[in-house]
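A short worksheet on the structure shown next.
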Amino acid sequence: MKLGFLYSGQGSQEIEMGKDFYENEDLAREFYNNINLEKDIKKLSFYSDEIDISKTENTQIILIAFQIMISDLLEKNNINPDAVAGLSIGEFAALYKSGVLSSEDTLKIAEFRGRKMSEISKHIDTSMYAVIGSKEEEINRVLEKYNNDKNFASISNINTKGQIVISGEKSIVDLAVIELKNLGKKAIKLKVSGPFHTDYMKYVSEDLSEYFENIDFFNEEIPVYYNFLGNKRNNENIKYLMTKQVKSTVRFEEDLKNMIDDGIDTFIEIGYFNILKGFVRKIDKNIKVYSISTYKTYLDFLKEFSYEK
């Protein structure tokens, strides 16, 4: 067995996220009690309503906190991956697990990144759709017809086989969706609070570049498959990759395909709603994927995983 950890992104948060772990695991209690940030992460994670946890400035930090905690619990049970990948903000949890970032710095980055992305998003009327059944080249041709110097849309995510997400200024996205539907494609409107992974985030990219100057990034102890590359890195600087990631297309389908090609045959998804599990199944339905979100799913996983090993 070759095991991969997958860390989900924005949209996989849930109310009371991590609360059941806090109530049942000493490690989880110690972790949440010792987080030292401007925000009260324990209160935000356990007691906020859906509106508050869906705000970008809150979502990113509670997701990362949850994913670090689960990673530490799995390590406590001697369960460690042969490779890691994360979707968007989840990529920072992957960097933590790989030894690139400390727990403290990962949390600080998530808080900073979420706040900066939220600030930019408040000034732009945006929309986001998942386009089903189209290809990258076709979507780019359509978008180019409507984009202009002031307003634009672009491909923000290539998630899995046949699913590409477009994001940007609402009027441009809406025009592109109409044309894509006329071409026989399906488009599903997504809940979104900003034009993530588009060039609208260039100022966040610049802010992250400056912020990273005071943070130590170490070499990977476990292979990381990067959103910006769709693969492992060669000689690229990790800080550079993570500043590009926020304003560039997330090539998650390529990450998954390359992980599978490199021998990963079992995945653990950390996050709610089995989103990444669905992505993997679209690529290869025979790949085993466990999903951990609630404490019950964690206990069920430990039993099944121990039995299968």
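All residue numbers refer to positions in the sequence shown, counting from 1.
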Inset, instruction - Before accepting this row, confirm whether a basic side-chain N of the pair E137/R141 lies closer than 4.0 Å to the acidic partner's carboxylate O. - result: no

Just by modelled atom types, is the G11 backbone N or O under 3.5 Å from a matching donor or acceptor in the Q13 side chain?
yes

**Q.** Backbone N/O of F212 and side chain of K239: donor-acceptor pair under 3.5 Å
**A.** yes

Would you call the rings of F252 and F279 parallel, tilted or perpendicular, where under 30° means parallel and over 60° means perpendicular? perpendicular

- Keeping the roles fixed (side chain from R233, backbone from E236), state whether a donor-acceptor pair exists under 3.5 Å. yes

Taking the ring centre of each residue, are F305 and Y290 less than 6.0 Å apart? yes

Using a strict threshold of under 4.0 Å (side-chain N to carboxylate O), is an ion pair present between K19 and E23? yes

Quick check against the 3.5 Å criterion: does K2 have a side-chain atom that pairs as donor or acceptor with the backbone of D262?
yes

* Salt-bridged, E104 to K108, with N to O below 4.0 Å? -> yes

Closer than 3.5 angstrom, by distance alone: can the side chain of Q67 be matched with the main-chain N or O of I270 as a donor-acceptor pair? yes

Between S12 and G9, the two heavy atoms sitting closest are OG-O, 2.7 Å

In terms of heavy-atom contacts, A94 and G86 come closest through CB-N, 4.0 Å

* Asked: Do NZ/NE/NH1/NH2 and the carboxylate oxygens of E179 and K145 come within less than 4.0 Å?
  -> yes

With a 4.0 Å cut-off, would you call K257 and D284 a salt bridge? no

*Would you call E111 and K116 a salt bridge, using N to O less than 4.0 angstrom?*
no

_Strictly distance-based, threshold 3.5 Å: is any side-chain N or O of N148 a donor or acceptor partner for the main-chain N or O of N151?_
yes

Heavy-atom nearest pair, S54 first then E50, reads OG-O, 2.7 Å

Tell me whether N237 contacts the main-chain N or O of Y240 through its side chain, where contact means a donor paired with an acceptor under 3.5 Å. yes

For the pair N159 and Q163, evaluate side-chain hydrogen bond (donor to acceptor under 3.5 Å, both in side chains) and give the outcome as yes or no after the intermediate values. CA-CA 6 Å; N159 285 332; Q163 187 191 112; 2.9 Å; yes

Could K55 and D52 be called an ion pair, given the rule that one side-chain N must be under 4.0 Å from one carboxylate O? yes

Would you say the rings of F21 and Y32 are close, in the sense that their centroids are separated by under 6.0 Å? no

**N227 (side chain) donor-acceptor with Q245 (main chain) under 3.5 angstrom** = no

Please determine whether a side-chain nitrogen of the Lys or Arg among D72 and K76 lies less than 4.0 Å from a carboxylate oxygen of the Asp or Glu. no

Item checked: Backbone N/O of I51 and side chain of D49: donor-acceptor pair under 3.5 Å -> yes

task = Give the C-alpha distance, both sets of side-chain angles, the deciding distance and a yes or no for ring pair (Phe, Tyr, Trp, His ring centres under 6.0 Å) between Y7 and F92.
result = CA-CA 9 Å; Y7 297 92; F92 286 95; over 10 Å; no

Notebook entry, point to check: Looking at K170 and D174, does any basic side-chain N land under 4.0 Å from a carboxylate oxygen?
Noted result: yes

Is K185 salt-bridged to E138, going by a charged N under 4.0 Å from an acidic O? yes

query: So, are E75 and K97 salt-bridged, with charged N and O less than 4.0 Å apart?
result: yes

